[in-house]
Amino acid sequence: MLKGEKPLSFKRAIYLVENAYYEGKISWKEYNDEILSIKPILNKMIDDRNLRQYKTAGNWAVFTYMSDSIPENDFKPYPYDFENFMSDSDKESCMVSRLLKTRKGNCRALPYFYKILADEVGVEAFIAIVPMHCYVKHSDEQ
C-alpha cells in the first residue's frame, strides 16, 4: 500500500498488523466478510430514516450501531472493555479481530472499528491519538 501498488486501506492495514501478531492465522476472507456484512445494515439505517442528504449520516449510523441496543445489531452494542482498557493483561483486547468475536473493545479497538465502518459507508472519520488513548474525530454538518 505504501509503495502505491495497492490502494490505501485502513481496514487492510489493521488486519495485516493483527494477522502478523497471530502469525498468519487470521483469515482475511472471514475478517473482511464480517465487516462487509455490517455495511448494508448501516446503509439501511440511513435510508430508513431518510438521512442520506446529511454528510454525517454515516457517522450517526456507525455510532448508533456500535453504541445503542437496537434491532439492527440484535440488541448487542459494542461496549467498552473496562477490564482490559490498557491492554496490559490482555494484549488482544486492542484488536479489531478480537472485537469482532467478543463485541467488546478498548480505546484502540473501538475507534479503529468505527473508522473501518465509516470508510465502508463512505464518510469521513479520523483517528486521533493521544498518550494512552485513541478517539474518533469527524466533521459536523457545517
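Heavy atoms only: backbone and side chains are in, while hydrogens, waters and symmetry mates are out. Position 1 is the first residue of the sequence; numbering continues from there. What you are looking at is a predicted structure, and each value in this text was computed from that prediction instead of being measured.
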Got a donor-acceptor contact below 3.5 angstrom from the Asn59 side chain to the Val123 backbone? no
Asn73 side chain vs Phe75 backbone, donor-acceptor pair below 3.5 Å: yes
Does atom [atom1] of [X] have more than 12 heavy-atom neighbours from other groups under 6.0 Å away?
X: Phe63; atom1: CZ; result: no
X: Lys55; atom1: NZ; result: yes
X: Glu23; atom1: CD; result: no
X: Tyr22; atom1: OH; result: yes

Are [Y] and [X] co-members of a hydrophobic cluster defined by side-chain heavy atoms under 4.5 Å apart?
X: Val17; Y: Leu100; result: no
X: Tyr80; Y: Met66; result: yes
X: Leu16; Y: Phe10; result: yes
X: Tyr21; Y: Ile14; result: yes
X: Phe126; Y: Ile116; result: no

Roughly how far, to the nearest 0.5 Å, is the [atom2] atom of [Y] from the [atom1] atom of [X]?
X: Thr64; Y: Leu42; atom1: OG1; atom2: CG; value: 9.5 Å
X: Cys134; Y: Ile127; atom1: SG; atom2: CD1; value: 6.5 Å
X: Ile38; Y: Asp33; atom1: CD1; atom2: CG; value: 11.5 Å
X: Asp48; Y: Ile41; atom1: CG; atom2: CD1; value: 11.5 Å
X: Lys104; Y: Asn106; atom1: NZ; atom2: CG; value: 11.0 Å
X: Arg98; Y: Phe113; atom1: CZ; atom2: CZ; value: 15.0 Å

side-chain hydrogen bond (donor to acceptor under 3.5 Å, both in side chains): pairs with one or both residues in residues 126-142, sequence neighbours excluded: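 Residue pairs with at least one partner in residues 126-142: Thr56-Glu141.
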[X] versus [Y], closest heavy-atom pair with distance:
X: Asn19; Y: Ile26; answer: OD1-N, 2.8 Å
X: Ile46; Y: Ala61; answer: CG1-CB, 3.8 Å
X: Pro79; Y: Pro77; answer: CD-O, 3.1 Å
X: Tyr78; Y: Leu110; answer: O-CD2, 3.7 Å
X: Ala118; Y: Ala125; answer: CB-CB, 3.7 Å
X: Ala109; Y: Val96; answer: O-CG2, 3.9 Å

If we only count heavy atoms from C-beta on, is the [X] to [Y] side-chain gap below 4.5 Å?
X: Asn43; Y: Arg52; result: yes
X: Met45; Y: Leu51; result: no
X: Lys29; Y: Tyr31; result: no
X: Met1; Y: Ser9; result: yes
X: Ile35; Y: Glu120; result: yes
X: Met95; Y: Leu99; result: no
X: Val136; Y: Pro111; result: yes

Restricting to pairs with a member in residues 56-65, which pass salt bridge (Lys or Arg N to Asp or Glu O under 4.0 Å), not counting sequence neighbours? none
Would you say Lys11 and Asn32 are linked by a side-chain donor-acceptor pair, where the criterion is simply a distance under 3.5 Å?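 Looking only at side-chain atoms, Lys11 and Asn32 do form a donor-acceptor pair, the distance falling under 3.5 Å.
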Is NZ or CZ of Arg49 both nearer than 6.0 Å to the six-membered ring centre of Trp60 and within 45° of the ring axis? no
Those residues at least two apart in sequence (or on a different chain) that pass salt bridge (Lys or Arg N to Asp or Glu O under 4.0 Å) with Glu18 are none
